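Notes to accompany the following structure.
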Amino acid sequence: MPELTFLGTGTSNGIPIIGCRCPVCTSPDPRDRRARTSAVVRDRGRAYLLDTATELRLQAIATGLDRVDAVLMTHAHADHTGGFDDLRRFNELQKEHIPVYADATTAGMLRERYAYAFTDLYPFYGGKPDLILHEIAGPFSPFGREVVPIPVRHGRMPVTGYRFGDLAYVTDAKEIPPGSLELLRGLDILVLNALRERPHPTHLSLAEAVAIIEDLRPRQAYLVHLSHELSHAAATAQLPPGIAVAYDGLTVRTRGD
Ligand SMILES: [Zn+2]
Ligand SMILES: [Zn+2]
Ligand SMILES: [Zn+2]
């Protein structure tokens, strides 16, 4: 029964946006405050961190996250990698190297930007992240439980979603190729990105996300990566039953395996 906690549910600027006085950025509804999109999946005693968002430290403190068994990266855009250095605190707590899984494009970008995290410089943990990078090209089983990568398109950039049993997490998609749609059938919970009502060249709009969910028919879907053009209440009011807007700190659990 995988369980997922939303650490952040906002688009790359976060909400509120610096210097913006729009109704969503000044909303009194706490669900309208969104850190950059990231989540933690807990499954069979292991904690899988999905991306290292800019606010990783604050997200970990807010949700009590104190252990990360593996990091699964979706892609290397700055909003999903900005907290990478905060991983060093988990090395310090756990006294061990931590595995990071990423597709080849993302792994290449991580190696370039965070070379120091993949080199052992110190005889102790905590001074910097100590990570072992694994390039993935298909299903993998870090701790005996199969994780299925779901390749999607984010404009020209490849992005990887992940499926754990009957739960799947897909962010920053604009297009889900037919082969990947097949990997997302029979789900209890699907997490999918929806930016705003207006179309965007590299992100699904609300209507595009709803159409995909209505085709896939998970028991329950949650939308993430919202912009300040959509308040939690306004987005929720437009959604059919079985599709909800996620918010930072929300924990959801699947019914099956
Ligand atoms: Zn993003
Ligand atoms: Zn705003
Ligand atoms: Zn992105």
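On a predicted model such as this, the values are computed, not experimentally measured, just so you know. FYI, side chains are in, hydrogens and waters are out, and symmetry mates aren't considered; it's all heavy atoms of this structure.
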task = Consider only side-chain heavy atoms of I, L, V, M, F, W and Y, link residues closer than 4.5 Å, and tell whether L133 and I98 are in one cluster.
result = yes
ask   = Under a 4.5 Å cut-off applied to non-hydrogen side-chain atoms, are R253 and E3 in contact?
value = yes
ask   = Passes side-chain contact (heavy atoms from CB on, under 4.5 Å), T37 versus Y169? Steps please.
value = CA-CA 11 Å; T37 294; Y169 178 90; 3.3 Å; yes
message = Do Y247 and V41 land in one hydrophobic cluster if side-chain heavy atoms of ILVMFWY residues count as linked below 4.5 Å?
response = yes
message = Could you walk me through whether L131 and F84 satisfy the side-chain contact (heavy atoms from CB on, under 4.5 Å) test, starting with their C-alpha distance in whole Å, then the side-chain angles of each, then the deciding distance to 0.1 Å, before giving a yes or no?
response = CA-CA 10 Å; L131 308 172; F84 208 66; 3.4 Å; yes
ask   = Would you call L7 and D51 a side-chain contact if the rule is heavy atoms closer than 4.5 Å?
value = no
query = Between R89 and D66, is there a salt bridge with N-O shorter than 4.0 Å?
reply = no
key: Basic-acidic side-chain contact under 4.0 Å: E96, R67   = yes
Residue among F164, F140, Y162 satisfying ring-ring contact (aromatic ring centres under 6.0 Å, His included) with Y48 = F164
task = Could you check if a side-chain atom of R145 sits within less than 4.5 angstrom of a side-chain atom of P2, using non-hydrogen atoms only?
result = yes
query = Quick one: hydrophobic cluster around L192, which other residues, with the 4.5 Å side-chain cut-off, linked directly or via members?
reply = V148, I150, V152, V159, V170, I176, L181, L183, L184, L187, L190, L204, L206, V210, I212, I213, L216, L223, L226, L230, L239, I243, V245
task = For the pair R217 and D215, find out whether any cationic side-chain nitrogen is under 4.0 Å from an anionic carboxylate oxygen.
result = no
Option passing ring-ring contact (aromatic ring centres under 6.0 Å, His included) with H225 (candidates H77, H200, H75, H203) = H203
request  = Step through the shown structure and confirm whether more than 12 heavy atoms of other residues, nucleotides or ligands are within 6.0 Å of OH on Y125.
outcome  = yes
message = Quick check on R33: does its CZ atom have over 12 non-hydrogen neighbours (other residues, nucleotides or ligands) under 6.0 Å away?
response = no
task = Check whether any side-chain heavy atom of P129 lies under 4.5 Å from a side-chain heavy atom of D85, and answer yes or no.
result = yes
More than 12 heavy atoms of other groups within 6.0 Å of E175 CD = no
message = Is it the case that atom CD1 in I18 sees more than 12 heavy atoms from other parts of the structure closer than 6.0 Å?
response = no
ask   = If you count the non-hydrogen atoms of other residues, nucleotides and ligands that lie under 6.0 Å from CZ in R113, is the total more than 12?
value = yes
